[in-house]
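One structure below.
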Amino acid sequence: MLSFKTVFSFAALLPFAHLVAAQSAVWGQCGGIGWTGATTCVSGSTCIKQNDYYSQCQPGAASPPVTTVTPTLPPSSPTTTTSTGSAPSGLSTIPASQLFKISNFGPNPNNVAVYVYKPARVQSKPPLIVASHFCTGTAQAYFSGSKFAQLAETYGYLVLFPSSPHSGTCWDVSSDATLTHDGGSDSLGIASAARYAIANWGVDPARVFAVGTSSGAMMTNVLAGAYPDVFKGGVVDSGVPFGCFALPGQAQDSWNSQCAQGQLVLTGAQWAQRVLNAYPGYTGARPKMQVWHGTAGSWWGIYSDTTLYPQNFFETVKQWTTVFGYPSTPLSNVSESYLPRGYSNATYGPNFQAILAQGVGHTVPLYEQQYLQFLGIA
Ligand SMILES: *[C@@H]1O[C@H](CO)[C@@H](O)[C@H](O)[C@H]1NC(C)=O
Ligand SMILES: *[C@@H]1O[C@H](CO)[C@@H](O)[C@H](O)[C@H]1NC(C)=O
């Protein structure tokens with residue numbers, strides 16, 4: 001079997017990889033956020049949207065795309081209450097079992113909207129999970145499209161659902177500000193809400209976690225990298241390494257195609273340095289991390305997540321294993337009976353696991369119960 005490295009060096013050599021022409025060739029890219037090349041296809045092929053970031057010329061007339069796109073969410077209007085202007089000063093002032101918008105919770109330069117979900121019964125010194133949505137998503141969409149709130153009713157933890165302030169609702173994971181501890185932007189707003197919850201709602205500071213999908217997965221790596229003092233664990237579903245989207249000097253929330261397409265290949269030491277640079281002088285523990293990524297989507301018979309190429313999985317593995325000082329090869333890499341065929345669970349040490357899902361596109365379905373187990377909540 002070809003290794004991913006081989007496959008991707010091959011992919012990089014494909015003539016259409018950087019094609020900017022009047023019309024894109026069959027299997028070439030023909031659209032997507034950040035795409036500046038041709039948006040029409042040569043005759044005999046049709047431009048098919050795979051996801052917001054990638055449309056592809058496929059042979060023949062329009063047919064259904066191969067990859068799944070951003071998670072499909074049930075149309076629903078969850079109960080949402082808006083606070084009266086100040087953040088709840090104590091747990092008891094948060095209405096239970098509904099999405100409740102909080103404000104004035106500390107430094108929040110981008111005015112990230114943040115909602116809290118408090119279950120009917122809360123553990124004493126409850127854990128806190130920050131759950132970050134994908135591009136085009138919202139706090140409400142991730143709330144209703146995931147089981148994080150539902151499982152809070154079982155396990156008695158609190159959830160914060162932030163909502164991106166940017167058009168297209170991706171998170172800023174590219175600016176210096178967001179990639180720097182207390183540097184500003186989206187990550188500071190989210191960290192402020194978590195700090196507020198610790199200071200005012202009796203949250204256990206040892207059990208504050210981040211989870212997220214796609215852009216929210218990137219944000220999860222950002223929070224884990226830049227705020228290791230706040231976040232003690234993270235679960236990353238289909239994202240990129242910390243700092244992979246970095247585009248210093250460009251507008252916040254910029255799309256980094258080089259990273260997305262898996263072409264930013266660094267050494268573990270280089271990736272780890274990006275994490276260390278985010279918070280110079282920090283010597284405390286690093287959050288435990290669990291990373292999930294899919295490989296599916298047919299692109300010239302090359303299998304990949306075509307929004308955030310699977311090379312990003314291997315780059316993220318290099319990053320966190322180096323941060324933890326773990327060996328670069330897993331201690332074990334096994335299939336799990338509760339997971340579908342094709343999933344492999346590579347364990348590198350107590351604080352890092354990487355699950356690759358063969359045949360699964362962007363994004364890997366959520367396994368919330370499993371995340372809770374990894375985070376020590378379930
Ligand atoms: C784990 O093993 C599978 C094959 O069984 C492989 O595809 C995958 O790349 C391995 N995971 C890691 C992180 O090396
Ligand atoms: C991966 O394997 C480790 C070691 O057996 C196990 O503790 C962990 O729960 C597994 N992770 C997943 C996501 O199944």
Side-chain angles (χ1 to χ4, degrees), residues 1-11 127 129 131 146-148 151 155 207 209-213 216-217 220-221 224 232-242 244 262 264-268 271-272 287-299 301-306 308-378:
M1 197 183 107
L2 287 173
S3 76
F4 272 94
K5 251 212 171 79
T6 315
V7 167
F8 279 86
S9 342
F10 170 55
I129 295 181
S146 70
K147 298 197 192 78
F148 296 117
L151 288 167
Y155 295 104
R207 295 192 295 164
F209 307 115
V211 301
T213 295
T220 298
N221 269 328
K232 307 303 176 192
V235 179
V236 170
D237 174 17
S238 310
V240 304
F242 175 93
C244 189
L264 188 59
V265 176
L266 302 180
T267 64
W271 281 126
K288 66 188 309 207
M289 302 298 290
Q290 189 181 66
V291 173
W292 300 66
H293 212 108
T295 66
S298 182
W299 192 65
I302 295 164
Y303 289 91
S304 63
D305 165 343
T306 51
L308 301 173
Y309 280 64
Q311 186 64 34
N312 279 303
F313 171 81
F314 296 100
E315 299 305 308
T316 308
V317 167
K318 283 192 242 172
Q319 181 167 60
W320 289 115
T321 53
T322 307
V323 166
F324 286 118
Y326 289 161
S328 57
T329 47
L331 304 175
S332 66
N333 181 8
V334 295
S335 54
E336 301 284 349
S337 54
Y338 73 93
L339 288 171
R341 244 179 111 86
Y343 280 60
S344 54
N345 165 24
T347 301
Y348 292 81
N351 293 330
F352 189 68
Q353 296 171 6
I355 296 92
L356 189 64
Q358 300 283 357
V360 178
H362 193 76
T363 50
V364 179
L366 299 173
Y367 285 89
E368 295 92 337
Q369 183 77 36
Q370 195 58 39
Y371 307 165
L372 295 184
Q373 203 173 315
F374 175 70
L375 299 172
I377 294 177

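Just so you know, residue 1 is the first one in the sequence shown, and it goes up from there. Just follow the structure's listing: the first ligand is 1, and inside any ligand the first atom is 1. Computed from a predicted model, the values in this text were never measured in an experiment.
Of the N or O atoms in Trp292, none lie within a sub-3.5 Å distance of an N or O in ligand 2.
A donor atom on one side chain and an acceptor atom on the other are found under 3.5 Å apart for Trp320 and Asn221.
Proximity of Tyr348 to ligand 1 is established by a heavy-atom distance of less than 4.0 Å. At least one heavy atom of Tyr338 sits less than 4.0 Å from an atom of ligand 2. In this structure, Gln290 counts as a contact residue of ligand 2, since one of its heavy atoms falls inside 4.0 Å of the ligand.
Residue Phe314 has at least one heavy-atom neighbour below 4.0 Å for each of these atoms of ligand 1: 9 (O). Under a 4.0 Å criterion applied to the non-hydrogen atoms of Glu336, ligand 2 contributes the atoms 1 (C), 2 (O), 10 (C), 14 (O). The Ser344 neighbourhood of ligand 1 comprises atoms 1 (C), 2 (O), 3 (C), 8 (C), with distances under 4.0 Å to a heavy atom of that residue. Proximity to Thr347 (heavy-atom distance under 4.0 Å) selects the following atoms of ligand 2: 1 (C), 2 (O), 3 (C), 4 (C). Close approach to Leu356 involves these atoms of ligand 1, each under 4.0 Å from a residue heavy atom: 8 (C), 9 (O). Of all atoms in ligand 1, listed by their number and element, those nearer than 4.0 Å to a heavy atom of Gln358 are 7 (O).
For atom 5 (O) of ligand 2, the nearest protein heavy atom is 4.0 Å or more away.
Heavy-atom proximity to atom 11 (N) of ligand 2, evaluated over Asn345, Leu331, Leu339, Val235, is greatest for Asn345.
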